2 protein chains.
Amino acid sequence: MSSKLKFPEGYRLTKQRKAILEILENAEIPITAEDVFFRLKENKINISLSTIYRNLEMLCKEGLVIKSYVMGKDKARFALPDKKNYLICESCGKIVIIDNCPFDKFKEELKQVYGFDITGHSVEVYGICPDCKS
Amino acid sequence: MSSKLKFPEGYRLTKQRKAILEILENAEIPITAEDVFFRLKENKINISLSTIYRNLEMLCKEGLVIKSYVMGKDKARFALPDKKNYLICESCGKIVIIDNCPFDKFKEELKQVYGFDITGHSVEVYGICPDCKS
DNA sequence: TTTCAAATGCAAATCATTTGCAAAAAATTA
DNA sequence: TAATTTTTTGCAAATGATTTGCATTTGAAA
Ligand SMILES: [Mn+2]
Ligand SMILES: [Mn+2]
Ligand SMILES: [Zn+2]
Ligand SMILES: [Zn+2]
């Protein structure tokens with residue numbers, strides 16, 4: 001697990017934080033705080049849910065983690081920034097990450113039209129996955 | 001308030017539902033259930049919060065309304081589908097709707113690459129608004 | 001090591017959202 | 001229109017994800 005992440009200044013690198021980040025690095029898609037909790041437990045690492053929530057919040061504030069809500073679900077999800085754009089199947093709920101999100105190409109256009117300096121974006125695309133079509 | 005909306009079959013067109021839809025039609029950006037509640041109250045229309053939640057859920061299920069979460073806020077937001085793509089200022093929180101979302105152009109590309117039949121999408125773009133830059 | 005602010009775990013609190021149920025209102029029928 | 005049927009509403013209570021208080025532990029600086 002070679003963590004390519006630069007841990008934010010001013011925070012202590014605790015074993016809990018290392019473990020939470022490792023779970024997020026290994027996750028394929030955005031996951032809930034509870035998902036993190038149980039995946040840690042599978043690895044014999046017991047961290048309290050409140051510690052997980054506190055650290056996920058911190059990591060979001062520092063920009064290492066993105067928080068989002070998946071359509072139809074009521075719990076917040078967390079993921080590394082490269083997993084913030086995804087397709088979701090309206091039939092089975094499957095999530096597929098969009099790599100090289102085409103939306104990046106529109107940063108400049110958006111800046112021109114709306115005057116914002118764009119720093120990021122997240123996209124949720126709804127549809128029907130190949131499995132559910134057949 | 002000429003409601004261009006076709007009210008879904010199988011539901012009764014109550015005065016509460018008309019009023020809630022009118023608030024959403026007049027809203028500039030996605031708003032919370034509580035926002036709906038207080039805007040109705042300003043118009044001397046008292047509808048219980050639970051009725052608002054129940055109807056917003058129904059309208060979402062029927063596709064007339066889109067539910068989303070704005071970055072950094074903890075309450076669900078609701079809007080008509082033409083307001084589901086927006087820019088948000090990371091500094092002041094201002095939200096600006098994106099008209100003619102450029103993402104539409106990528107439906108076909110996404111279908112080719114991921115095999116999904118695309119039915120919709122929502123985009124949240126983060127940035128700094130013109131006011132906050134100066 | 002010693003020191004001490006920061007972080008954790010646990011239990012309790014919060015609060016956005018959901019739900020049960022009796023009363024009210026919409027659609028249907030006569 | 002009036003009666004009938006079914007849906008919807010309002011209110012209060014419950015739920016459950018997330019947050020918080022506080023005593024204890026721990027990371028890292030000196
Ligand atoms: Mn909250
Ligand atoms: Mn819930
Ligand atoms: Zn599917
Ligand atoms: Zn701003």
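Each chain gets a letter, A, B and so on, in the order the sequences are listed, and its residues count up from 1. Here the structure is a predicted model, which means the values were calculated and not measured.
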For [Y], is there any backbone N or O sitting under 3.5 Å from a side-chain donor or acceptor partner on [X]?
X       : Y        : answer
B:Arg77 : B:Lys67  : no
B:Lys84 : B:Val123 : no
A:Lys83 : A:Leu24  : yes

How close or far is atom [atom2] of [N] from atom [atom1] of [X], stated in whole angstroms?
X       : N      : atom1 : atom2 : value
A:Lys75 : D:dT19 : NZ    : P     : 14 Å
A:Arg17 : D:dT26 : CZ    : P     : 15 Å
A:Lys15 : C:dT8  : NZ    : C1'   : 9 Å
B:Glu9  : C:dA27 : CD    : P     : 12 Å
B:Glu34 : C:dA16 : CD    : C1'   : 9 Å
B:Phe7  : D:dT8  : CZ    : P     : 8 Å
A:Lys73 : D:dT18 : NZ    : P     : 13 Å
B:Phe37 : D:dT9  : CZ    : P     : 15 Å

When rounded to the nearest 0.5 angstrom, what is the spacing between CG in B:Leu80 and CD in B:Glu25?
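If we round to the nearest 0.5 Å, B:Leu80:CG and B:Glu25:CD are 6.0 Å apart.
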Would you say [N] has OP1 or OP2 under 4.0 Å from some side-chain N or O of [X]?
X       : N      : answer
B:Arg54 : C:dT18 : no
B:Gln16 : D:dG10 : yes
B:Ser50 : C:dT17 : no
A:Thr14 : D:dT26 : no
A:Asn55 : C:dT8  : yes
A:Ser48 : C:dC10 : no

Among the nucleotides D:dA17, C:dG9, D:dT8, which one has an atom lying closest to any side-chain atom of A:Thr51?
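The answer is C:dG9.
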Please classify the nucleic acid contact of A:Ala76 as base, sugar-phosphate, or nothing, using heavy-atom distances under 4.0 Å.
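Contact class for A:Ala76: sugar-phosphate only.
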Please confirm whether B:Phe106 and A:Phe106 have ring centers closer than 6.0 angstrom.
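Yes, they do, as the ring centres are separated by less than 6.0 Å.
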I'd like to know if B:Arg12 reaches the base of D:dT7 with its side chain such that a donor and an acceptor end up less than 3.5 angstrom apart.
yes
Using heavy atoms to find the nearest nucleotide of DNA chain C for B:Leu13 and B:Thr32 separately, return the residue whose nucleotide is more 5′.
B:Thr32
When you match B:Tyr69 and A:Asn46 each to their closest nucleotide on DNA chain C, which lands nearer the 5' end?
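Result of the comparison: A:Asn46.
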